[in-house]
Peer 1: 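Submitted below is the structure of interest, expressed as structure tokens.
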Amino acid sequence: LPTPQVEARTLAMLHGLLQQLHAACSHLAAGARAFPSSVQETAGHVRHGVEGVQASLASARSFRDLSGLVLAQSRDTVTRAQLSLEGLLEHVGQHTPLPWLVGPFAPALVEYPEDVPVEMSKWEGCVTVG
């Protein structure tokens with residue numbers, strides 16, 4: 001069995017990770033407003049699922065405070081959240097225009113069609129891939 005100090009540190013780390021995950025999910029849900037309602041709903045479900053896991057584990061001060069059922073439900077919720085996030089990433093990758101994703105990082109790709117020559121001297125010093 002782990003010592004009380006190790007247990008307390010592990011639970012503190014878990015709470016910290018859950019807070020970070022919740023903040024990321026809240027940011028995701030806020031950003032999903034630009035997408036169709038199905039994407040918004042999925043982002044909201046992910047956020048609520050993380051909130052549920054946070055609530056179930058919030059009062060735990062030791063591993064003995066966590067029942068097998070709570071741990072199993074939390075694991076299932078996190079697994080569903082992961083699958084939902086993968087689905088959201090797939091949706092964004094398939095349905096978002098390339099210029100919106102690329103943004104200012106590759107202006108030559110966004111601003112110029114393929115058949116128009118780009119003056120490469122203005123890109124001197126830039127790192128190219130490929």
Peer 1: For a quick test of reading the model, state the closest non-hydrogen atom pair linking Leu66 to Leu11 and the distance between them.
Peer 2: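 Looking at all heavy atoms of both residues, the shortest contact is CD1-CD2, 4.2 Å.
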Peer 1: If hydrophobic residues (ILVMFWY) are linked whenever their side-chain heavy atoms come closer than 4.5 Å, directly or via other members, who joins Met13 in its cluster?
Peer 2: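 None; Met13 is a cluster of one.
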Peer 1: Under 3.5 Å, which donor-acceptor pairs do the side chains of residues 20-29 form with other protein atoms, sequence neighbours left out?
Peer 2:
unit_1	atom_1	unit_2	atom_2	d
His22	NE2	Glu51	OE2	2.9
Ser26	OG	His22	O	3.0

Peer 1: If you look only at distance, which donor and acceptor atoms sit under 3.5 Å apart when one is on a side chain in residues 35-45 and the other is two or more places apart or in another chain?
Peer 2:
unit_1	atom_1	unit_2	atom_2	d
Gln40	NE2	Arg33	O	3.4
Gln40	NE2	Phe35	O	2.8
Thr42	OG1	Ser38	O	3.0

Peer 1: Mind listing the side-chain donor-acceptor pairs of residues 71-88 below 3.5 Å, one per line with the distance, residues two or more places apart or on another chain?
Peer 2:
unit_1	atom_1	unit_2	atom_2	d
Ser74	OG	Val70	O	2.8
Thr77	OG1	Gln73	O	2.9
Thr77	OG1	Arg80	NH2	3.4
Thr79	OG1	Arg75	O	2.9
Gln82	NE2	Glu86	OE2	3.4
Ser84	OG	Arg80	O	3.0

Peer 1: For residues 53-62, please give each side-chain donor-acceptor pair under 3.5 Å, one per line with the distance, not counting sequence neighbours.
Peer 2:
unit_1	atom_1	unit_2	atom_2	d
Ser56	OG	Gly52	O	2.7
Arg61	NH1	Ala58	O	3.4
Ser62	OG	Arg64	N	3.3

Peer 1: With a 4.5 Å cut-off on side-chain heavy atoms, are Thr10 and Val6 touching?
Peer 2: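 When only atoms from C-beta onward are counted, Thr10 and Val6 do touch, with a gap below 4.5 Å.
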